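Just so you know, these numbers come straight off a predicted model, no measurement behind them. This chain uses plain numbering: 1 for the first residue, then up along the sequence. One-based numbering, in listed order, for ligands and for the atoms of each.
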Amino acid sequence: MLSKEPRLKGDDSKAWVAQQKLKIAIDGPAGAGKSTVAQLVAREVGYLYIDTGAMYRAATLLVLRAKIPLDHQKAMTELIQRSVIELQPTDASSPEKIRVLLNNEDVSAQIRSREVTAAVSAVSSVMLVRELLVDKQRKMAGLGAVILDGRDIGTVVMPDADLKIFLTASPEVRAQRRYDELTAIGENVDYDTILHEIVERDRKDTNRAIAPLRQAQDAVMILSDNMTISQVVDTIIKLCDKR
Ligand code: DC
């Protein structure tokens, strides 16, 4: 909620943003750095970070474990409805940006597996699954002081967000970042394959019938090709400050 109180001289941006309890939406394609940036902004201003992609990933893990075929939408939805997906903040010493609990089990690492990544598009394009998770996301965001990242936050989940960011980078830059991350942990990967996967995921996320990846009309676009992570974080905090 935006306060109409006059700003005190000398107040710094972060303290002011913290006090405003804003709702911030960050959307954009895979690999643009949304989760890194959203988590850092949340820490800087003491907000709750909600990684909505992690919720779709947890739902996908559930479906895969239960061996429900990806076209059995009713069974899939019923199972997700009976289950509890929770997000918990982590501290700076944790390797995870957020802790994800599925029926009280910590699945933060499992939801990042290749198997889950390959199936998540199918699960997240089921209307009933989206309705369940969007409802949960809105409840979590209800009191403000939140930053959500995903594909449809500014358009569907929080059309009333105080600040909407569309964070993107060219496919080549996103592929290079992913290539560097994977080679740094010793994986033997091919740049062209990664680039192809990114272009393919963009195409699916942008063209799906339900809640496609789209920049909200009132979103501010940040193209991060030539920016560092901390430059993006600072830009977002300054934009909040102007609200
Ligand atoms: O951001 P991510 O890669 O963890 O997201 C996983 C998948 O979930 C991605 O393929 C798109 C989907 N997703 C979605 O449909 N809506 C959201 N709000 C967030 C993610």
Next item on the list: List in chain and number order the residues that pass side chain to side chain donor-acceptor pair (under 3.5 Å) with Asp218, two or more places apart in sequence or in another chain; answer none if no residue qualifies.
Entry: Lys164
Notebook entry, point to check: Does the pair Arg112/Asp51 count as a salt bridge with the N-to-O cut at 4.0 Å?
Noted result: yes
Next item on the list: Check if Lys34 has a non-hydrogen atom at a distance under 4.0 Å from any atom of ligand 1.
Entry: no
Check: At the 4.0 Å heavy-atom cut-off, does Arg208 count as touching ligand 1?
Finding: yes
Notebook entry, point to check: Looking only at heavy atoms, what is the nearest atom pair of Ala141 and Ile50, with distance?
Noted result: N-CD1, 4.3 Å
Item checked: Minimum-distance protein heavy atom relative to atom 1 (O) of ligand 1 -> Arg151 NH1, 3.0 Å
Next item on the list: Flag the pair Glu78 and Lys74 as a salt bridge only when some basic side-chain nitrogen lies within less than 4.0 angstrom of an acidic carboxylate oxygen.
Entry: yes
Next item on the list: Around atom 12 (C) of ligand 1, find the nearest protein heavy atom and jot down its residue, atom name and distance.
Entry: Ser124 OG, 3.7 Å
Check: Can you name the closest pair of heavy atoms from Ala119 and Thr60 and give their distance?
Finding: CB-CG2, 3.6 Å
Checklist line | Closest non-hydrogen atom pair between Val107 and Arg65, with its separation | finding: CG1-NH2, 4.0 Å
Item checked: For atom 3 (O) of ligand 1, closest protein heavy-atom neighbour -> Arg57 NH2, 3.2 Å
Notebook entry, point to check: So between Thr52, Val120, Val116, whose heavy atom ends up nearest atom 7 (C) of ligand 1?
Noted result: Val120
Check: Heavy-atom contact under 4.0 Å between Arg130 and ligand 1?
Finding: yes
Checklist line | NZ/NE/NH1/NH2 to OD/OE distance under 4.0 Å, Asp162 and Lys23 | finding: no
Check: Just heavy atoms, cut-off under 4.0 Å: does Asp51 contact ligand 1 by side chain, backbone, both, or neither?
Finding: neither
Check: Does the distance from a Lys or Arg side-chain N to an Asp or Glu carboxylate O, for Asp27 and Arg214, drop under 4.0 Å?
Finding: no
Notebook entry, point to check: Which residue and non-hydrogen atom of the protein lie closest to atom 10 (O) of ligand 1, and at what distance in Å?
Noted result: Arg201 NH1, 3.3 Å
Notebook entry, point to check: What residue and atom, counting heavy atoms only, is the protein's closest point to atom 18 (N) of ligand 1, and at what distance?
Noted result: Asp152 OD1, 2.8 Å
Note to self: Nearest non-hydrogen contact with atom 20 (C) of ligand 1 belongs to which option: Gly53, Ala25, Ser35?
What the structure shows: Gly53
